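First comes the structure, then the notes that go with it.
If you're wondering where the values come from, they're calculated on a predicted model, not measured in any experiment. A note on names: the letters A, B, ... follow the listed sequences, proteins ahead of strands, and every chain is numbered from 1.
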Amino acid sequence: MLMISPRMASGMQEKLYNPSLLSFFVYNPSFGPREGEEEKKILFYHPSDVEKNEKIRNVGLCEAIVQFTRTFCPTKPAKSLHTQKNRQFFFEAEDSFWIVMVVRNPWVEKTNKDGKPPTIEYQEEEILDTVYGAVLRQCYSMYKLFNGTFVRAMETGGVELLMQKLEKFFYRYLQTLHLQSCDLLDVFGGIAFFPLDKMTYLKIQSFVNRVEESLSLIKYTTFLYNDQLIWSGLEQDDMRILYKYLTTSLFPRHSEPELAGRDSPLRPEVAGNLLHYGRFLTGPANIKDPEAKFRFPRIFVNTKDSYEELHLIVYKAMSAAVCFMISASMELTREFCEQLDSLVGPQLTLLASDICEQYNVNRRISGPEKEPQFKFIYFNHMNLAEKSTIHMRKTASVSLTSVHPDLMKILGDINCDFARVDEDEEIIVKAMTDYWVVGKKSDQRELYVILNQKNANLIEVNEEVKRLCATQFNNIFFLD
Amino acid sequence: MDKDDNQEKGETEDIRSCDPPSVDPNLSTETDNCSKAECQNNSGDQPSTDPEQAPTENGHEDSGEFVVTMLARGKLEEQGVGMMGSCPPLSITGTSEGAPTHRDEDVMAESWRQHRKHVFVLSEAGKPIYSRYGSEEALSSTMGVMMALVSFVQSSDNTIRSVYSDGHTVVFMQKGPLVLVSVSSSRQSEQQLRGELLYVYYQIVSMLTQASITRIFENKKNYDLRRLLAGSEKILDGLLNLVDSDPSFLLAAVHCLPLASSLRDSLSQILQKAITPNLVFSILIAKNQLLTIVQEKTVIEDARLEPADVHLLLNLIGASSAFQAGEIWTPICLPLFNPDCYFYAYISYLDPPECTVCLLLLSTDKEAFYAVAECKRRIEEAMLTQSSLSLIAKAHCYSVSQVGVSDLRHFMYKPFDIPDHHKQLTQFTSPEMEAPYSTEEERRRLLDLYRHMHGRIHSSSRPLKLIYHVAERETLLAWVTSKFELYTCFSPLVTKACAINAITKLLRWIKKEEDRLFIRYPPKYSTTPNPSKTHDKNE
């Protein structure tokens with residue numbers, strides 16, 4: 001077709017603006033079907049200071065787009081709308097409840113000479129639908145984790161309650177979205193697992209069993225070390241969103257005090273007995289203070305069948321963190337917390353140092369880290385296991401990558417290609433910068449490797465990836 | 001002269017029919033002819049009547065119908081022979097006769113929804129102009145919705161591009177006063193779908209010129225363009241079928257028939273000698289592939305002929321069996337060359353009734369029919385002397401086995417480093433599709449795979465140099481360098497080493513055969529300076 005030349009450096013002053021959130025809203029068309037009632041459809045709208053008619057118009061556009069696409073396929077309506085300046089993502093979270101996220105396209109502002117106003121150029125092909133579609137779905141999952149479904153809220157307290165919950169949750173949550181750093185990992189929504197030897201794993205399992213037996217109120221337990229998962233009693237879908245919450249919100253909030261030195265005023269009060277380093281991350285900040293009020297966050301799991309509302313107790317000792325989930329119908333008293341603290345604290349502290357020791361031993365044995373040599377991302381759809389040597393430690397703010405964003409987008413493209421068919425495939429591409437990207441899909445697993453070997457040919461690249469697979473992914477990938 | 005005009009009109013008004021032009025013309029369509037005449041006349045001093053009420057003055061002398069068939073006296077007998085029932089050979093899919101059923105399709109039915117690619121053309125005022133499947137009337141409310149979506153987004157100082165759902169991609173494109181929409185389940189990239197819509201737009205321009213379209217809608221925003229395009233749905237249908245099945249569109253290049261360079265040279269010389277003032281292009285086509293093209297020197301200095309123009313031309317010719325009748329003299333606009341003026345195309349098949357070899361002579365002078373027809377006679381004579389037709393009949397597309405590489409199933413190769421590249425017609429070469437790509441379904445599937453790779457490699461934001469894709473049924477390699485663009489298809493079990501070897505061998509083979517596979521040095525001729533062209537430039 002008519003070729004469009006790739007972006008070229010213009011030599012003028014250029015300022016690049018990243019993609020950003022323009023608006024985010026929740027609506028249900030059945031709430032205001034008649035003319036004049038349109039406002040009733042809107043259950044949440046950010047930014048809130050937009051004029052009412054403007055909100056109605058924007059919601060109306062979404063409805064029209066969805067309806068229009070139903071003309072061609074009634075069961076698979078629109079997922080996204082592309083315009084010059086922005087992208088809109090549509091998600092029918094629950095029957096007739098739609099969530100829409102509008103993201104502004106990245107744009108470049110070029111200063112002109114002669115005092116002319118700067119020219120604005122929108123980059124329309126930078127955003128990947130799969131990435132931001134996943135981010136949108138995750139917004140819903142996170143809301144649902146802490147608030148339950150829309151339908152239940154309606155049943156409990158009508159539209160008013162639902163609107164309250166939406167407002168309270170999204171007002172804060174949207175501020176934590178960092179759309180400029182979303183990428184393939186958001187598509188996966190995976191979980192990093194902590195590599196363990198069998199012995200230590202069994203120790204952890206028996207610890208969990210013991211605690212669950214002693215405290216029969218506990219319904220589910222999850223065990224993490226160093227922000228990575230070891231054991232979980234929850235269903236996969238619930239675990240993956242809880243994991244995201246823990247690693248991007250809860251843990252980072254509490255990590256600073258721990259990293260501070262012994263004598264730092266930031267260190268939490270470790271009262272009297274130093275039997276253990278355990279403490280509550282949710283609930284009572286200081287177990288010894290009888291006056292302090294506390295509350296555990298409530299989460300909702302298994303929303304598709306048993307629909308359980310639970311207290312989320314997160315308890316940490318050094319780098320080990322355990323979540324205990326107890327039915328919300330129970331009242332959790334100070335006594336209970338003290339009981340848990342004295343039971344779990346010492347054991348967890350011991351366990352944490354055991355794991356640490358074992359981990360160091362393993363690392364010494366296996367020699368210096370070979371991994372940093374290879375930049376790769378691995379994901380297993382079956383257990384949601386994810387590993388990336390490209391991303392630095394994820395925090396609530398930015399997930400730094402050690403490769404150019406364009407390469408991450410190429411990975412995203414390959415992932416889209418893999419999703420088109422069910423069969424195992426391999427896709428190798430050479431980018432304009434001469435970087436090689438290799439994607440392998442085998443049996444529910446995906447592996448992406450980025451090689452900075454400008455003068456290599458296809459065969460050499462293939463050999464490199466074979467080496468990586470042999471060391472890291474023995475027997476997993478079918479090799480050429 | 002009048003009677004001839006009536007016959008012409010009879011022919012033009014119903015391109016679909018296979019009736020010889022001597023059948024009674026449909027006189028009630030006279031007004032439409034005259035409107036077309038009005039459009040064609042670019043001189044600017046129009047009678048300022050309401051375009052809906054067609055002025056009758058200009059029509060007759062101007063030969064302004066969209067397709068004017070002028071019949072050379074000696075060829076009248078041949079029409080009966082060439083017309084009935086034969087598939088127009090230049091149309092690959094040969095389904096042009098199916099058009100009438102499309103228009104009657106039930107747009108509410110599941111089968112309508114299941115079409116792989118819908119294309120809609122409407123005016124800015126929301127008036128339907130064309131729909132690939134179903135009648136525009138039945139779809140006018142759907143088209144109204146499309147226009148509403150376009151306007152709505154426009155009202156917030158933004159432009160709608162596309163809508164994605166799991167099954168379909170909807171792509172919007174506005175060109176001047178026309179809005180084109182594609183609804184496709186082919187999973188092609190937006191860039192590609194938009195490129196296809198551009199082809200549709202250009203085909204419409206090739207019939208009306210861009211200047212006319214702009215002027216019509218300036219005068220009257222809700223003009224019904226169908227009045228001018230009546231009977232040409234078949235041409236757009238044919239174009240869309242070709243776009244789906246012919247890789248020339250994807251590659252933006254012309255496919256040449258492999259020919260011994262001596263034969264090609266002798267044909268070129270024949271064309272080079274048969275010229276007349278204002279003749280600009282002489283093109284010889286066989287089996288829908290280019291044999292040779294000879295161009296006027298000064299014209300080609302200014303602007304080159306784009307493959308897209310050639311594709312549009314070939315589609316126009318192939319879309320209707322009416323072109324098989326003797327000689328055709330028709331105005332046609334080459335949109336990429338100059339979207340605002342007409343050329344006059346002399347079209348004649350040299351080998352009735354098979355009609356596989358077509359001669360195309362383009363002139364800028366609309367009165368030059370007889371002079372150009374004379375060129376054709378000289379060409380025909382020379383070809384007879386050299387028995388060119390029988391030699392051409394022996395030429396055919398080659399098999400991939402000729403390359404001598406096992407594992408290689410198919411390829412498409414488009415060179416960039418042809419001599420005089422910036423002025424030459426871009427070409428590509430490709431062998432026959434053989435087993436396992438022997439069914440239409442499998443061929444479409446392979447082409448879809450090529451299309452997908454092409455889309456990735458030429459992405460506007462993250463283009464690539466190379467893609468190697470190992471899939472279940474085949475392994476594909478796409479490669480773009482500064483010298484060429486190559487798409488290859490191997491059996492799925494090929495090793496990377498074998499694939500690399502195969503490609504090296506293939507490139508060597510192509511280099512060896514390049515004089516046979518491509519038109520390397522398109523000859524030129526010089527005719528007297530072109531008054532019409534300069535005249536148009538001053539408009």
Side-chain angles (χ1 to χ4, degrees), chain A residues 1-7 57-58 60-61 64-86 90 123-126 129 406-407 409-410 413-414 417 420-421 423-432 434 436-438 440 457-459 461-462 480, chain B residues 113 115 118 142 145-146 148-149 152-153 155-168 170 183 185 187 190-192 194-196 198-199 249-252 308 452 454-473 475 477 479 495-497 499-500:
Chain A
M1 294 275 132
L2 309 168
M3 249 176 80
I4 308 165
S5 57
R7 288 174 293 157
R57 269 168 53 94
N58 291 339
L61 174 63
I65 299 262
V66 167
Q67 269 313 105
F68 172 67
T69 50
R70 283 208 218 264
T71 323
F72 298 96
C73 187
T75 52
K76 295 185 189 164
K79 291 204 320 202
S80 69
L81 166 69
H82 294 208
T83 67
Q84 179 201 20
K85 296 184 178 170
N86 58 55
F90 311 107
Q123 294 175 342
E124 301 183 36
E125 301 301 321
E126 296 303 311
D129 275 7
D406 273 357
L407 284 172
K409 287 170 195 165
I410 291 175
D413 288 340
I414 298 178
D417 288 348
R420 285 157 69 110
V421 293
E423 295 87 33
D424 293 350
E425 294 201 328
E426 181 185 35
I427 297 179
I428 303 178
V429 306
K430 186 172 189 193
M432 294 305 266
D434 287 329
W436 288 87
V437 179
V438 179
K440 273 173 165 330
N457 65 25
L458 194 61
I459 299 173
V461 165
N462 196 40
D480 187 342
Chain B
R113 282 198 283 272
H115 282 298
H118 289 268
T142 310
V145 171
M146 289 182 219
L149 294 174
F152 189 99
V153 176
S155 64
S156 35
D157 197 29
N158 195 357
T159 314
I160 193 170
R161 301 290 194 214
S162 53
V163 179
Y164 286 76
S165 57
D166 265 336
H168 295 87
V170 182
V183 181
S185 57
R187 303 201 290 183
E190 195 176 320
Q191 225 176 315
Q192 270 179 17
R194 197 161 280 124
E196 293 178 358
L198 198 57
Y199 262 108
F249 293 85
L250 177 70
L251 298 173
H452 185 69
H454 186 282
R456 284 270 186 249
I457 266 198
H458 292 294
S459 153
S460 51
S461 61
R462 29 190 189 277
L464 303 167
K465 286 186 180 178
L466 182 145
I467 304 178
Y468 187 83
H469 187 162
V470 181
E472 210 198 15
R473 283 188 272 182
T475 290
L477 188 147
W479 191 14
T495 64
K496 293 178 179 68
I500 303 270

**Asked** Checking heavy atoms, do the side chain of L477(B), its backbone, both or neither come under 4.5 Å from chain A?
**Response** side chain
**Asked** Looking at side-chain heavy atoms only, is the closest gap between F249(B) and E196(B) below 4.5 Å?
**Response** no
**Asked** Using 4.0 Å as the upper bound for N to carboxylate O, is an ion pair formed by R161(B) and E190(B)?
**Response** no
**For the student: nearest non-hydrogen atoms of A78(A) and V66(A), plus distance** = CB-CA, 4.4 Å
**Prompt:** Between I500(B) and chain A, which part of the residue has a heavy atom less than 4.5 Å away: side chain, backbone, both or neither?
**Reply:** side chain
**Request:** Can you tell me which residue pairs pass the salt bridge (charged side-chain N to carboxylate O under 4.0 Å, His left out) test with a partner in residues 64-79 of chain A, sequence neighbours excluded?
**Result:** K79(A)-D166(B)
**Asked** Can you say whether F72(A) sits under 4.5 Å from chain B via the side chain, the backbone, both, or neither, judging by heavy atoms?
**Response** both
**Prompt:** Considering only heavy atoms, which portion of R456(B) lies under 4.5 Å from any heavy atom of chain A: side chain, backbone, both, or neither?
**Reply:** side chain
**Request:** Pick whichever of T69(A), L61(A), T71(A), D129(A) has the most heavy-atom pairs under 4.5 Å with chain B.
**Result:** L61(A)
**Asked** Got I457(B) and W479(B) here, is their nearest side-chain heavy-atom distance under 4.5 Å?
**Response** no
**Message:** Is the shortest side-chain heavy-atom distance between V461(A) and K496(B) below 4.5 Å?
**Reply:** no
**Request:** Would you check if the side chain of Q192(B) reaches a backbone N or O of H454(B) as a donor-acceptor pair within less than 3.5 Å?
**Result:** no
**Prompt:** Is it the backbone or the side chain of Q67(A) that comes under 4.5 Å from a heavy atom of chain B, or both, or neither?
**Reply:** neither
**Message:** Quick check on the interface: out of E423(A), K409(A), R420(A), E125(A), who has the most heavy-atom pairs with chain B under 4.5 Å?
**Reply:** R420(A)
**Asked** With only heavy atoms counted, which part of H469(B) is less than 4.5 Å from chain A, the side chain, the backbone, both or neither?
**Response** both
**Asked** Looking at V183(B), V145(B), V153(B), which has the largest count of heavy-atom pairs under 4.5 Å with chain A?
**Response** V183(B)
**Request:** List in chain and number order the residues that pass side chain to side chain contact (heavy atoms under 4.5 Å, CB included) with R113(B), two or more places apart in sequence or in another chain; answer none if no residue qualifies.
**Result:** P74(A), E110(B)
**Asked** Relative to chain B, which of I414(A), D417(A), N86(A), L81(A) shows the most heavy atom pairs under 4.5 Å?
**Response** D417(A)
**Item:** Best-contacting candidate, D413(A), N457(A), L458(A), against chain B by heavy atom pairs under 4.5 angstrom
**Value:** D413(A)
**Request:** Return the option, out of H168(B), M146(B), K465(B), with the maximum number of heavy-atom pairs under 4.5 Å with chain A.
**Result:** K465(B)
